[in-house]
Amino acid sequence: SGSSAAAPLPEEDCMKLNPSFLGIALSSLLAIDLWASKRLGVCAGEGSAWGSARPLMKVIEVSGHGIPWLLGTFYGLCQSDSSAAREVLLNLLFALLLDLVLVAVVKGLVKRRRPTHNKMDMFVTISVDKYSFPSGHATRAALVSRFILHHLVLAVPLRVLVVLWALIVGVSRVMLGRHNVTDVLFGLMLGYALYSVVEYCWLSPLSAPALFALW
């Protein structure tokens, strides 16, 4: 009687043998993500379905790369003779550096490999760029576009173009085979949220007088 009382119930056996609903859902989402990413990687190589558009996609890739944005912002900061413009540019530089660090940390922690159909011919990469989650280009595009929309007075058509640029940069990452769909979606959300952090930590002559003294 003692051995029969200690035996596990049939329902408990079923719970141990059957995978959890959350595990099934995550596995299914991962499979869908990989399948969709491969199907959408139409510019992953010259022989791909849209291989002829690959050079254009690589131009878009460079437009969202960190180095042009960092160099351009630093140059503008050095050439600016307006205190208001210097404040905006200094905070944009801070935002870009914060973005680089945060994306590198997340990539190093998650360590998700790039899609198997990716061709490693990216413009200026570092060691952590062998990982794909999240998309640094998508994060930067969302961050910069939100920054521009909040701190530059632009006509409506130009504002639409800024948003379209951010979306196109994100889409191009999947089309080039650089990232999976979830890498880009998370990157866009992270970049959008990161702008709020920059606004909260906004650098001004009052909060960071030493930095402004350099310029």
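Distance check: E46 CD to S52 OG gives 10.5 Å after rounding to the nearest 0.5 Å. Distance OH/Y131 to CZ/R113: 5.0 Å, rounded to 0.5 Å. One finds the NE2 atom of H179 at 6.5 Å from the OG atom of S132 (value rounded to the nearest 0.5 Å). Between the CG atom of L194 and the CG atom of D99 there is a distance of 6.0 Å, given to the nearest 0.5 Å. In this structure, E61 CD and R173 CZ are separated by 4.0 Å, a value rounded to the nearest 0.5 Å. With rounding to the nearest 0.5 Å, the separation of CD in Q79 from CZ in F74 is 10.5 Å.
Shown here is K38, whose NZ atom has no more than 12 heavy atoms of other residues, nucleotides or ligands within 6.0 Å.
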Side-chain donor-acceptor distances from residues 158-167 under 3.5 Å, at least two apart:
unit_1 : atom_1 : unit_2 : atom_2 : d
R159   : NH1    : L149   : O      : 3.2
R159   : NH2    : L149   : O      : 3.4
W165   : NE1    : S63    : OG     : 3.0

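Across all their heavy atoms, S145 and A142 have their closest contact at OG-O, 3.0 Å. The two residues V198 and A95 come nearest to each other via the heavy atoms CG2-CB, 3.6 Å. Of all the heavy atoms in I67 and H65, the pair that sits closest is N-ND1, 3.1 Å. Closest approach of I148 to W69, counting heavy atoms only: CD1-CH2, 4.2 Å.
A continuous path of Ile, Leu, Val, Met, Phe, Trp and Tyr side chains, each step under 4.5 Å between heavy atoms, connects M57 with W50, placing both in one hydrophobic cluster. With hydrophobic clusters built from ILVMFWY side chains whose heavy atoms lie under 4.5 angstrom apart, Y195 shares a cluster with L154. No continuous path of ILVMFWY side-chain contacts below 4.5 Å connects L29 to V181, so the two sit in separate hydrophobic clusters. Linking ILVMFWY residues whenever their side-chain heavy atoms come closer than 4.5 Å, directly or via other members, leaves Y192 and I168 in distinct clusters. Residues I32 and M175 do not share a hydrophobic cluster, clusters being chains of Ile/Leu/Val/Met/Phe/Trp/Tyr side chains in contact below 4.5 Å.
For the residue pair S196 / R146, a side-chain donor-acceptor distance below 3.5 Å is found, with atom types taken as modelled. Neither side chain, E87 nor H151, offers a donor N or O lying under 3.5 Å from an acceptor on the other.
S28 is linked by a side-chain hydrogen bond (donor to acceptor under 3.5 Å, both in side chains) to nothing, counting only residues two or more places apart in sequence or in another chain.
Applying side chain to side chain contact (heavy atoms under 4.5 Å, CB included) to P134 and the options L188, L185, L102, V106 leaves one that passes, V106. When D183, D129, D121 are each tested for a salt bridge (charged side-chain N to carboxylate O under 4.0 Å, His left out) with R178, only one passes: D121. For the side chain to side chain contact (heavy atoms under 4.5 Å, CB included) with S37, the qualifying choice from V184, T182, N180 is N180, the only one to do so. Paired with R140 under the rule side chain to side chain contact (heavy atoms under 4.5 Å, CB included), one option of L100, L190, V103 passes, and it is L100.
Judged by distance alone, with hydrogens and angles left aside, the side-chain atoms of T139 form no donor-acceptor pair with the main-chain N or O of G191 at under 3.5 Å. The backbone N or O of G45 lies less than 3.5 Å from a partner atom in the side chain of S48, making a donor-acceptor pair.
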One pair to check against side chain to side chain contact (heavy atoms under 4.5 Å, CB included): V171 and L40. What are the steps and the verdict? CA-CA 9 Å; V171 171; L40 293 172; over 6 Å; no

